[in-house]
Every structure is written in structure tokens, then in C-alpha cells.
Amino acid sequence: MADGSSFYITTPIFYVNDVPHIGHAYTEVASDVLARWHRQAGDDTWFLTGTDEHGQKILRTATANGVTPKEWADRLVETAWLPLLSTINISNDDFIRTTDERHEKNVQLFLQRLFDAGFIYTGEYEGFYCVGCEEYKQAGDLVDGTGQYAGQQVCAIHSKPVELLEERNYFFRMSDFTQPLLDLYESNPHFIQPESVRNEIIQFVKQGLTDLSISRQSFDWGVKVPWDDTHVVYVWFDALLNYITAAGYGSDDEAFARRWPGTHIVGKDIARFHAVIWPAMLMAAGLEVPKQVFGHGWLLVGGEKMSKSKLTGIAPEQITETFGVDAFRYYFMRAISFGNDGSFSWEDLAARYQSELANGFGNLASRIIAMLTRYFDGVIPSPGELDAADEAIRTTERRVTVAADAAINRLAIHEALAEIWELVDELNGYITIQEPWALSKDPANRERLGTVLHTAVRGLGTLAVLLSPVIPDAAAKLWTALAGEGHVADQPVRSAWEWTGGPAVVPLEPLFPRIELPEADEPAA
RNA sequence: GGGGCGGUAGCUCAGCUGGUUAGAGCAGCGGACUCAUAAUCCGUCGGUCCUGGGUUCAAGUCCCAGCCGCCCUACCA
């Protein structure tokens, strides 16, 4: 991936009615780290997130709250979703709402093109519809109700009665794309990642695809079907199109050509929408399919999937208020192998904060800056001749930079951090072995002392540059203490080791202060 | 019913196309050191690699069966 190449990355758009929890935040942070890395590498980066605001469920909750659905969505965007982005320091370049005119207008454009091309036909549909799920249910998805719904069939997910609906709907000829999709997966093994998700999807598509009902007549909160305004577009069909309407489809051909195709980061539960329906839609429209669909794993809390339907959701603020934003970002990126499910626990979070951020990285910065301040009044000394140990540090700086960049390109964020941390650990070891405090006791060792601290502080600068995408606030503070030029987020990440040191350092407050945890018991979620 | 993923040290996890005494981090234990956020560094304890078969000169790593967990999907109705 050469500098200046286009990197367009997206998250799923938030369903506004959801309550933000760390699962949403996890997807956002992962995408944000990738975006920041590419941006800092000089790639033409565009990072999109946004909200999904149509559908019957939103219409109903809005009505129940005595406001219009648009007012309801506005309120949730303002009070829940935009605050979430700032809570976890997300650097999105754009925020699309499916109620934006740029979106609705071009959803219609897209649909009209599919219609004109013969990929849409009229059909009858009868089925059990769950408002909570926003979709029709097969009989097997239903269970016997209990309590107030005893005697009725209810949705297995929401435990609420389903409705028998009969509609004249418009259908998308998705079945035409069974083979083209299989060919796509075959010819481009990286289209769906990781492997586990890819296997799942291939098996699913091999069974053959059925046509997809893409309109609804039973309510009107959605994008009108352009040739029949008694129908609104199915919410998923509408939602998926955000990735191109935001990129300029139908409104800015130049921007669209430059950005598309993009990389989609999604949870594995919705990977199928993105790896099956979405590319089929694009193929039908004669557009390029996405560059990649990456389905990450779930956060497990107490061994169970964190669920928005159950009450295991944890609000991001619960974590950031105690540990800070950077720790939140670092923890989830480091502790979880991106693509696999990962266990969250307060104990693990606290342990990693302490050993890795406070004792490992934070303390490294403290000790180096303290010694420069103490022995050289903060002025960074010029190095003398480098010995093998000094050269080894330089070599490591280079090695981890290259390795981290390679890992990021594979979307292996956790591996990138593991690589970078090798430099953290090696620098701590280097200082312990070189014993600058011992060198300082004999003026004859003055040059050697300078060389050691010069080497160490350069390593610290390299770390600031490499870690800026993950822990932007701490990296910026450190960069300031090192008197680095400009902003750390503008330093070329792929040549992080090239920083040669500023003129002097200034004292630094602990980047990750020790945290005294109140009690062993944590509040239930 | 069909399918996917996982089951490796107390905990969280690595172990690619099978090959020396199965690894890391954390926790535990012992030691060194003092620049630093009682931090750092070194050493050390610790595993029937879910179970049972099989293939192979050689299996955590391949095959079969089973058990457990999570998930996708179907049908019966």
C-alpha cells in the first residue's frame, strides 16, 4: 500500500434506537485505529460512520414519545451517538444519517437503476413480521409465548408477538447472484475475513440465494420507492447504501471514484448482509464490490455475548471515567485478537492497565524524561559512538515499525500492538542494563551517558509516533514533552524510527497514573 | 437435520503447510537494582495440549467417532 493510496473505511451505521454499549464502541475504535494509522501514513483516508434511522420500530417509539420520527432520531443522534464518538475519541471524516437528503435521494437513484435494469419485480409476500427485528420470521424462529403472551407465537429474540402481514412487495433478484458471489469469494479470498466468517458465508451462499423483498407497505417511515410512493425501502437495503451515498454516489462522481471501493468493518453477526446482499446489490447496479468485509468477533462478558436485547451491555463511560479514553482504546485493541471473540472483564482491564500502560509504557516515559532532566537539565545530548546495545535499539525500532504496519494492513491490530510493545519492553531492559544512574556518577562517562539517554529518548519518540493511532491523547502529551515538532498525529508512521530527537524535554505528568480501585466488586452492568 | 468456530499452564491467549525438551503475557515464588508511576531487570514454579481410536519414522498440528461451549441455517410443524 503506497503512500497516497485511497483508504476508505466504514463502520456499520448505528441503529439510533439502540443504547450505546462497548460493543458499538469496539467497532468504532478498531475502525478509528485503522483510519488514523493510514491517515498518519499519508494515505488518502476517509473514515465514515453514521446512523440508521428508518424503520417501523423507530416510528413506533417516536410516536410513543409524542414526537415525529425525525425529531426522535435527531434527539438520539444528539444525546447518544455523537457523544459516544467523542467519548472514545473517534476521528471520523464524515457522519451520515439515513435521513440525510444526500442519502435518501441517491437510494432512490440506485433503486431506479436496478429497476430499469430489470433486477426488481413485483411479488406477493405473506409472513410473520417481528417489529423488533424489522424482518419477517420463519416459523422456526418463533416460540410459544409465556406470561402475558401465553398461547401466542412470539419472536424468539424479542419474546413479543409477531404480526401476520400480507404485502405486495418489490423483490430484488438476488438469486441471480448466487454464482457470481461464489466466484467472487473464490477469486478474492480476502474479500471476507477472517476465515471463520468467510467459511460460514460461503456455505450459506452455496445453498442458493432466494430473492429479497426490498419494500414495505405497512408503514411509511423510510425512503419512498421512486416509482411507487406507497412503498418504502426495506431498512437493510436502505442502510447498506450509506456506504456509497456518503462517498459521493450520485452526487459527487469524482469523490466516489476516488474513494470507492471501501473496507467495511462489521460485527460478524451482520457480516452476511455485507458480504452477500450488499455485493449482490452493487453487482446489479454495475458498481464495484467492496474491497473487503471484515467481521470482527463479539465481546463476551462473563462468558456470554454482550447483548443489546439482554441487559449485559456496558456503557463506554463506565470504563472511560475510571481508566480514561486511551486505556479504553488500548485495552480492546490489545486484549482481543481482532476477528475473534474476546472476553471482557474488569480484572483483566485493570491488570493490563497497570502492567502494560502504567508500569510498561508510562513509567518508561517517566524514567527517561526524569533522567534527562536530572542529568542534562532536559537538554537532549548528542550521541557519541554507538555500541551494539544502542544499535540493537535502533534495529528494533525499525523492525517493529515495519512489522506493525504489515499487521495493520492485515487488520491484525492486536499484532501491531504486540510488535510495538516489544520496543517498550526492550527499552526498559536497555535502560536497566546500561544503568545511566551509575554512569552519571563518574564525569568520565559523560559521553556514554549522553549516548544512552539519546538512544532512549529517540525510542520514546518512535513509540509516540507508532502509538498515536491507538492512544492519541497520551501520544500527544508525550510528543509535547519531547518537544517534537508539529503534531504527533502528523508524523509519518511508516518511518517512525526516523525521529532524531528535539532540542530538549520538559517534565511530564504520568501518562497513565496508577489507579486505586475502590472495591473488588464491580457494579453490575 | 445441515453447516461454521472453539475446547492448550491459575487467568487471557499464540502455536502456518505434522518434526528437536509445547510458547507468551499476567498472576505466584526467589533474587538484583534504584532513574522512574513500590516501578524496572533477571531467574523460577506451573500443562494427561477435551476424550477415545487411527494414519505416520514422527501429531497439539492430519483422519474418524464422541463429549462440551458458542453461533449460522433448515425442517418438522
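Because only heavy atoms are used, hydrogens play no part in the values below, and waters and symmetry mates are left out as well, while side chains stay in. Lettering of chains follows the sequences in order, A, B, ..., and the numbering in each one begins at 1.
Under the Watson-Crick or G-U wobble criterion, with both distances below 3.5 Å, C29(B) is paired with G43(B). Pair assignment for A9(B): none, as no Watson-Crick or G-U wobble contacts are both less than 3.5 Å. Applying the Watson-Crick and G-U wobble criteria (two distances, each under 3.5 Å), A65(B) pairs with U51(B). For C35(B), there is no paired base (Watson-Crick or G-U wobble, both distances below 3.5 Å). Nucleotide G1(B) forms a pair with U73(B), judged by Watson-Crick or G-U wobble geometry with both contacts under 3.5 Å.
Residue contacts shown for Asp269(A) are absent, as no nucleic acid heavy atom lies under 4.0 Å away. Base contact: Pro510(A) has a heavy atom under 4.0 Å from a base atom. Residue contacts shown for Arg352(A) are absent, as no nucleic acid heavy atom lies under 4.0 Å away. Backbone-only contact: Ser343(A) has heavy atoms under 4.0 Å from sugar-phosphate atoms and none from a base. Residue Gly429(A) is in sugar-phosphate contact alone, with no base atom involved, counting any heavy-atom pair closer than 4.0 Å across all strands shown. Backbone-only contact: Tyr375(A) has heavy atoms under 4.0 Å from sugar-phosphate atoms and none from a base. Nucleic acid contact for Ile368(A): none, since no nucleic acid atom lies under 4.0 Å from a heavy atom of the residue. Contacts of Ala358(A) with the nucleic acid, taken as non-hydrogen atoms under 4.0 Å apart, include base atoms.
Here C71(B) presents its C1' atom at 19 Å from CZ of Arg198(A), a figure rounded to the nearest Å. Following rounding to the nearest Å, Asn359(A) (CG) and A27(B) (C1') show an atom-to-atom distance of 14 Å. Counting to the nearest Å, the C1' atom of C13(B) and the CD1 atom of Ile413(A) are 17 Å from each other. The distance from atom CZ of Phe338(A) to atom C1' of C13(B) is 17 Å, rounded to the nearest whole Å. Atom OH of Tyr430(A) is separated from atom C1' of C42(B) by 19 Å (rounded to the nearest Å). As rounded to whole Å, 14 Å separates atom C1' of C42(B) from atom CG of Asp425(A). Nucleotide G3(B) holds its C1' atom 16 Å from the CD atom of Glu195(A), rounded to whole Å. The distance from atom CD1 of Ile431(A) to atom C1' of A32(B) is 17 Å, rounded to the nearest whole Å.
For the P atoms, the distance linking C75(B) with G6(B) amounts to 28 Å, nearest Å. Comparing the C1' positions of C50(B) and C5(B) gives an interatomic distance of 16 Å, to the nearest angstrom. Taking atom P in both G66(B) and G30(B), one finds a spacing of 50 Å when rounded to whole Å. A gap of 25 Å separates the C1' atoms of C29(B) and A36(B), to the nearest Å. When the P atom is used for both A27(B) and C63(B), the distance is 38 Å, rounded to whole Å. Separation of the C1' atoms belonging to U51(B) and C67(B) is 7 Å when rounded to the nearest angstrom. Between U37(B) and U21(B), the two P atoms lie 46 Å apart (nearest whole Å). If you take atom P in A24(B) and the same atom in A9(B), they sit 14 Å apart, rounded to whole Å.
Judged by distance alone, the side chain of Arg329(A) and the main-chain N or O of Ile88(A) form a donor-acceptor pair under 3.5 Å.
Here C72(B) is the nucleotide among C35(B), C72(B), C5(B) with the atom lying nearest to any side-chain atom of Arg272(A). Taking the side chain of Asn340(A) as heavy atoms from C-beta on, and the options A14(B), U37(B), C35(B), the nearest nucleotide is A14(B).
Within residues 437-463 of chain A, the residues approaching RNA chain B are Trp437(A), by heavy-atom distance under 4.0 Å. Applying a 4.0 Å cut-off to non-hydrogen atoms, the residues of residues 199-207 of chain A that approach RNA chain B are Asn199(A), Glu200(A), Gln203(A), Gln207(A), listed by residue number.
Nearer the 5' end of RNA chain B, as judged by each residue's closest nucleotide, is the contact made by Leu364(A), out of Ile433(A) and Leu364(A). Mapping Lys268(A) and Val424(A) onto RNA chain B by nearest heavy atom places Val424(A) closer to the 5' end of the strand.
A salt bridge links Asp390(A) and Arg448(A); the closest N-O separation between the charged side-chain nitrogens and carboxylate oxygens is under 4.0 Å.
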Pairs under 3.5 angstrom only: tabulate donor-acceptor contacts from the side chains of residues 462-477 of chain A to other protein residues two or more places apart or in another chain.
from, atom 1, to, atom 2, distance (Å)
Thr462(A), OG1, Glu397(A), OE1, 2.5
Thr462(A), OG1, Arg458(A), O, 3.1
Asp473(A), OD1, Asn89(A), ND2, 3.2

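Looking at Phe338(A), Phe344(A), Phe323(A) one by one, the single match for ring-ring contact (aromatic ring centres under 6.0 Å, His included) with Phe332(A) turns out to be Phe344(A).
With hydrogens and angles ignored, a donor-acceptor pair closer than 3.5 Å exists between the side chain of Asn363(A) and the base of A36(B).
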Might you work through the salt bridge (Lys or Arg N to Asp or Glu O under 4.0 Å) test for Lys268(A) and Glu200(A), ending with a clear yes or no?
CA-CA 10 Å; Lys268(A) 66 181 180 181; Glu200(A) 186 88 41; over 6 Å; no
